[in-house]
Every structure is written in C-alpha cells, then in structure tokens.
Amino acid sequence: MYSIIHHGAVSGVTGSCHQFKLYSGESLLVDCGMFQGAEAEARINESGDVDLTVDFDLSGVKALLVTHCHIDHVGRIPYLLMAGFKGPIYATQATAQLLPLVLEDALKVGVTRDRKLIDTFLRLLKRQLVAVPYKQWFAVEGMVGVQARFQVAGHILGSAYVELDVKQNAERKRVVFSGDLGAPYSPLLPAPKSPWRCDELIIESTYGDRLHEGRRQRRLALRRAIERSLQDGGAVLIPAFSIGRTQELLYELEDIIHRSASRSQAKAALWQSLDIIVDSPLASQFTAHYRSLKSLWDAEARQRVNRGRHPLSFEQLTTVDSHREHEKMVRYLRDSGKPAIVIAASGMCAGGRIQNYLEALLPDARTDVVFVGYQAVGTPGRDIQKYGPRGGYVQLGGQRVEIRAQVHTLGGYSAHADQKDLLNFVRRMRGKPQKIRIVHGDDEAKQALAAEYRRLLPGVEVVIPVG
Ligand SMILES: [Zn+2]
Ligand SMILES: [Zn+2]
C-alpha cells in the first residue's frame, strides 16, 4: 500500500529526510535536514560547494512533517521551498515557534546576508507552517486515508516522533518515524513513551551500540572534568548545539553550583565565582523559549522552579551577543588565561563561534575542551576528539591549528537514547512491528542495534537501508 524512500540519514546521522509514498502516488516527507561532516563532503559538486538542492522528484509530495528543529532535520527546508514545495509543514507548537529562528540563523550563517531574501523565505515558511498539539490525530492534507500524530520524544524542546495511521481500501497500517529519541534521564524534558502499536518502524540508532552512564555519574563526570580543567587556569570550551544541549548544560551547571554550597569552602567558592559564558545569540533566544515553555518541562525541573531556583538563568551566567563582544571575549580569554566555561556552537565545531575560541585557545596547554555530544565523522569536533589527546592538529577555517589543550569526552551526556532505550522503545509497544528500518547512525551502531532487535523479536524483518 506504500513504500518508504530515504533521502538522507542512511550513510551516517545527518541529512534526515524520509519519504512515505502511497501506491496511488501521493507522498509526504518526514524531515528535510542538512548534511554535515563527511556526508556533506560526499555531496561537494564541481564548483566546490556542498550540493544541498533537493535532488529528488517533488511531484506528488503533499506535505512535510517535522520531528524537531535540529539543523540536520530541517536545514534543507529552504531548498525545498525554493524547489517549489507549497504544501503544509506540520510541526508541534514549540517546534513551529522555534523553526523560523533556526532557519533564519542557518541562512544568515551559511547562505545569504540578503535581508530581503531571508524575509521572503520566512514569509513563505510561516505561511506553510501548521502548528499541531502533541497527541492529537490530524488528517494530512492531500493524503487520502492518512492521519498523523506527534508524540513527545524527549530529545529537545518541541521534539516529537511521528505516528502515521494509514487506511487504504480494507488495509490499515501504523507507521512510526522515531525522529531523534531522547534519553530517559536527560535533564529538563520528560522521557518518550512508546506508541501503543506499530507495524513498521523507522528508528534512529545514533547510540545503537552504546549504553550511557547514569544520571548521577554523568553530573559527577562533568563536575570533575571542569574542576580538573580549572586547576591550571585557562578556559573550558564546551562545543554545544544552540538548541537543546546548551540548555541542558545550563540546567546541570546550575545544579552543580547549587550543590556546591554544601561542599568545602574552597569548592563552593570556586563554583560560585566561576564565569559561565554562553556565546551564541541563537542559544540565548532558545534559552528564553525554554524558559517560557515550562509546561513542557519534566517534574524535577518544575519542582526546582517551585523552590525558587532559576535553572536556566543564574547569576554567573554571561551571554555574549554581538560579534564585537564575541571577538573581545576571545581576545580577553586568550590574553588573560582566566578560568571560565564557554559554551558555544556549533556542537561539532563545524562552524559557528566555537571555531574562533578553538583557533585562539587550542594551542594553549591551559585550555580544556569538553565534548558532551556526538561528533560526526569528518567534522573538526571528531578530529579534535581523535587527534587532540595525541598532540595532533586540526584544520579550522583552512588553517592548521596545533592542539596543546586537554581534550575530554563525556560519554554520558547525550540527547539521544542509548541501546537499552532504543530496545525498550520497541519492547514497550503493545503491538510489535513486523518491520524495522534502522537509520541515523554509524555502521557499527546500526549493525549492533539490528542484531539486538532480531534477538528481541525473532521473525521481525530488520532492514538497514542504503543511500
Ligand atoms: Zn536532533
Ligand atoms: Zn538527528
């Protein structure tokens, strides 16, 4: 009755874009994301640019459903609109609020500074955006017999997995697209609940071969890494996505500071006088949205607010907005060697303001880089992670930068479900899928997860699609 075609997130984790196509010809897309790292390089065209044009036939594509507003899930939307897509873009209410901000930023950074062009695009986007509440079935325009529903995914604010209810003639099927699933004990947001039933599942596998540390160990690891880093002075650089990861980190740091009051005087003083700098205008905007949408927070976070705490805005927090301030801050930290925590995007160091900090501070042995998120193959982040501990170098903005900084990787911090969570997602469905497609992961992760699903559900058809 239908087929599924993948236009991304099959050879790695980026470029998510899946097409659900009825045999009658109409189809919908789930996500339309940007390629990054090695996957972007694989698309470099003759003129040396990454080819981001939507290279598949759009005839019959009636709608786009957006799971969440990370750039690797939404970054190709401008190209989709440029290619003439006029259908509705469905998203949860929070995602619909955040999406214009994310795309405006992406356009400004990577495509054009032409204000008029950006405004035209934003007008189109807002006209086509349809905000839908969580847990509510809606008919997908132009797709007869297809209803959809967004469910909490617990990955970032507004994130959802998509359930499709497909009725064609006498047949009825449930198809679930996981989007990115959150880890159950990640800060701030509630954990995803499994769908009641599912016939075919398209699931991410970012950490399909790994188990995360527990919540407590994770916070301890972050605290220790930072305390160790600060012993010799110098900055602690934390590359982080502006949306999701930055707010999670602030939430955890506020908690570490809060708890430090009951530790030794020295430790309490260290934490209470430490500067925490968020250098990303986009992150600050998102933080404001996170603050205003407390109804989407989990019980623990809301409890903290009730006790008079401000999990996302505390005294030592400095936000850097303008480019001038940013340059000043980089120079100041480089010349003074003063201890401070800097959180800046992009999360995989493939652009953004973090690059300027890295260029200035990687050659300084007092600097520490703390990775808390996934680093895709081919990104500078992955190279720093891999070659940094051996005293290697990294290419940044066409320059070779020596790494004398200490490099730490905290595995436990992840906005993604681990292997156990991905298995539980399926285990807790009342009606189990007959078919599972594994996407959005490195090869080893996909293979490992596939083996586990086959063990869990003998007879299930597990497919690892190729591009
Ligand atoms: Zn994501
Ligand atoms: Zn993703």
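Indexing begins at 1, ligand by ligand and atom by atom, following the structure's order.
A donor atom on one side chain and an acceptor atom on the other are not found under 3.5 Å apart for His70 and Asp180. The closest side-chain donor-acceptor pair between Glu204 and Ser178, if any, does not fall under 3.5 angstrom. Between His6 and Arg437, the side chains place a donor N or O and an acceptor N or O closer than 3.5 Å (distance only, hydrogens not considered).
Taking the Zn ion (ligand 1) as reference, the nearest N/O/S atom within His155 carries the name NE2. Asp72 contributes atom OD2 as its closest N/O/S atom to the Zn ion (ligand 2). Residue-level check: among N/O/S atoms of His70, ND1 sits closest to the Zn ion (ligand 1). Looking at Asp180 and the Zn ion (ligand 1) together, the shortest N, O or S contact belongs to OD2.
Taking 2.8 Å as the threshold, His68 counts as a candidate ligand of the Zn ion (ligand 1), since one of its N, O or S atoms lies below it. Here Glu204 does not reach the Zn ion (ligand 2): none of its N/O/S atoms is less than 2.8 Å from the metal.
To the nearest 10 degrees, the Zn ion (ligand 2) sees NE2 of His73 and NE2 of His440 at an angle of 100°.
With sequence neighbours excluded, the residues satisfying salt bridge (charged side-chain N to carboxylate O under 4.0 Å, His left out) with Asp255 are Arg219, Arg259, Arg304, Arg309.
Centroid-to-centroid, the aromatic rings of His440 and His18 stay 6.0 Å apart or farther.
A salt bridge is defined here as a Lys NZ or Arg NE, NH1 or NH2 lying under 4.0 Å from an Asp or Glu carboxylate O, and Arg215 with Glu252 meets this definition.
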